[in-house]
Amino acid sequence: MTGNPPIARLTRAELLREIGLSPLWQLRPQPTVAVTRHVTPARLPAESIPEAREDLARRPPSTPVAAPAAARPVAIARMGWDELRQSVAGCNACALCQGRKQAVLGVGDASADWLFIGEGPGAEEDARGEPFVGPAGKLLDAMLAAIDLRRGEDVYIANAVKCRPPNNRTPEVAEISACAPYLKRQIALLQPRLIVLLGRAAAHAVLGNVGPLGALRGKPFEFPASECNGRRIPVVVTYHPAYLLRTLPDKAKAWEDLCRARALMRMEKAFPAESPVGPAGPLAP
Ligand code: URA
């Protein structure tokens, strides 16, 4: 018999090669970015941290206990959706909280296969409490429609930071790091089949400090299984819709990225990723 082997006989690696997504890039552990708090540190449920529990046991019951800085990501990593929403709404872990009308956690189907991650809320998102409702959001909706997706139906949309940066500037590294535990928890709760990163801030939040966006497009990344209940999640990087509104020629490249994402999703559904425990997670705690 001649020709290519039937698709069902190809391995996952061979299939990735077939759709131009090979070799697979492994995420490296990223250095933790120190976040300075500008306001009183949040009081977290100290009982949830072993060291804090011991310390708590030594104190008289009425003594207030400020949670150690390391307690925050640990506490967030245990939250369900309601707690997460409440925590994000009252978060003061970075200076962005000072300018927000409201924090914007995300929107969509909590059992979605697709997770799209943008940069941070703009003025309209800050006012409405929903990501991507301004002009960039209209383009994102059109991008979704182009691959037969609709906001809220099998799609969840989140941002690297949950509070609006002043004058819609790009979030700083420390702000992305402060919000990273929330994004990480959203990913773990959602367990999407595929993550699409829209722009540099999202790439920075999920992949670490990884250079220009153009160098990331077309490269296959995976969110490690150790960060998501033993399931590795393919990650596709593309341009942010706001950038595409200013740079029309790059829309064609974004379309290529979406087509690649769609092909990858089809493959994920047909051949779910094996899940050996991968390298340490890239999101700063
Ligand atoms: N840009 C983003 O990155 N996110 C939004 O929610 C809105 C605009």
Side-chain angles (χ1 to χ4, degrees), residues 19 21 76-77 79-89 103-121 125 128-134 136-162 179-199 201-203 205-207 220-225 227-241 254-255 257-273 275 281-283:
I19 58 172
L21 285 171
I76 292 173
M79 288 177 181
W81 281 112
D82 290 348
E83 256 183 302
L84 193 64
R85 193 169 296 283
Q86 262 180 31
S87 176
V88 165
V104 181
L105 175 65
V107 70
D109 178 353
S111 55
D113 283 336
W114 294 80
L115 170 60
F116 286 78
I117 302 176
E119 182 173 300
E125 290 79 17
R128 286 180 46 188
E130 181 173 334
F132 283 103
V133 288
K138 286 208 180 77
L139 179 54
L140 177 59
D141 286 342
M143 289 162 75
L144 295 177
I147 50 170
D148 303 317
L149 295 173
R150 276 162 63 104
R151 173 184 295 249
E153 289 176 19
D154 206 21
V155 173
Y156 190 94
I157 303 171
N159 276 316
V161 297
K162 314 304 185 204
C179 239
Y182 290 133
L183 184 57
K184 196 166 160 180
R185 188 61 188 149
Q186 281 178 295
I187 295 172
L189 286 169
L190 288 162
Q191 293 194 46
R193 282 189 202 266
L194 184 79
I195 299 174
V196 180
L197 302 177
L198 303 165
V206 175
L207 305 178
F221 293 97
E222 281 189 344
F223 191 74
E227 293 289 343
C228 196
N229 306 334
R231 249 184 66 197
R232 292 187 296 155
I233 307 171
V235 174
V236 170
V237 182
T238 191
Y239 293 113
H240 190 284
W255 172 238
D257 298 334
L258 290 177
C259 290
R260 201 177 303 115
R262 185 170 52 182
L264 202 46
M265 175 62 84
R266 285 187 181 140
M267 209 198 68
E268 280 305 310
K269 288 186 173 170
F271 301 88
S275 47
L283 284 173

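Side chains included, hydrogens not; waters and symmetry mates left out as well; all remaining heavy atoms used.
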Is there a donor-acceptor contact under 3.5 Å from the side chain of [X] to the main chain of [Y]?
{"X": "Asp154", "Y": "Asp113", "answer": "yes"}
{"X": "Arg231", "Y": "Pro192", "answer": "yes"}
{"X": "Arg185", "Y": "Ala77", "answer": "yes"}

Just so I know, are the side chains of [X] and [Y] near enough to count as touching, which here means a heavy-atom distance under 4.5 Å?
{"X": "Asp257", "Y": "Met143", "result": "no"}
{"X": "Trp114", "Y": "Ile157", "result": "no"}
{"X": "Thr238", "Y": "Leu198", "result": "yes"}
{"X": "Arg262", "Y": "Asp148", "result": "yes"}
{"X": "Val107", "Y": "Val133", "result": "no"}
{"X": "Val206", "Y": "Phe221", "result": "no"}
{"X": "Asp109", "Y": "Val155", "result": "no"}

Closest heavy-atom pair and its distance - [X], [Y]:
{"X": "Met265", "Y": "Leu194", "answer": "CE-CB, 3.7 Å"}
{"X": "Ala202", "Y": "Gly118", "answer": "CB-O, 3.6 Å"}
{"X": "Phe132", "Y": "Glu125", "answer": "N-CG, 3.2 Å"}
{"X": "Gln186", "Y": "Leu105", "answer": "NE2-O, 2.9 Å"}
{"X": "Arg151", "Y": "Gly137", "answer": "NH2-O, 4.0 Å"}
{"X": "Ala160", "Y": "Cys179", "answer": "O-CB, 3.4 Å"}

- Query: Checking side chain to side chain contact (heavy atoms under 4.5 Å, CB included) against Phe116, which of Ile195, Leu149, Val236 comes through?
  - Reply: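 One option only clears the test, and that one is Leu149.
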- Applying ring pair (Phe, Tyr, Trp, His ring centres under 6.0 Å), name anything that partners Tyr156, two or more places apart in sequence or on another chain.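 Listed in chain order: Trp81.
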With rounding to the nearest 0.5 angstrom, report the [atom1] to [atom2] distance, [X] to [Y].
{"X": "Arg260", "Y": "Ile147", "atom1": "CZ", "atom2": "CD1", "answer": "12.5 Å"}
{"X": "Lys184", "Y": "Phe223", "atom1": "NZ", "atom2": "CZ", "answer": "7.0 Å"}
{"X": "Ser87", "Y": "Asp82", "atom1": "OG", "atom2": "CG", "answer": "12.5 Å"}
{"X": "Ile117", "Y": "His240", "atom1": "CD1", "atom2": "NE2", "answer": "11.5 Å"}
{"X": "Asn229", "Y": "Leu189", "atom1": "CG", "atom2": "CG", "answer": "8.5 Å"}
{"X": "Arg193", "Y": "Leu264", "atom1": "CZ", "atom2": "CG", "answer": "11.5 Å"}

- Message: Looking at Lys138, I want to see if its NZ is surrounded by more than 12 non-hydrogen atoms of other residues, nucleotides or ligands under 6.0 Å.
- Response: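 No.
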- Message: Taking atom CZ as the centre, does Arg85 end up with more than 12 heavy-atom neighbours from other residues, nucleotides or ligands that are less than 6.0 angstrom away?
- Response: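 No - once you tally the heavy atoms of other residues, nucleotides and ligands closer than 6.0 Å, there are 12 at most.
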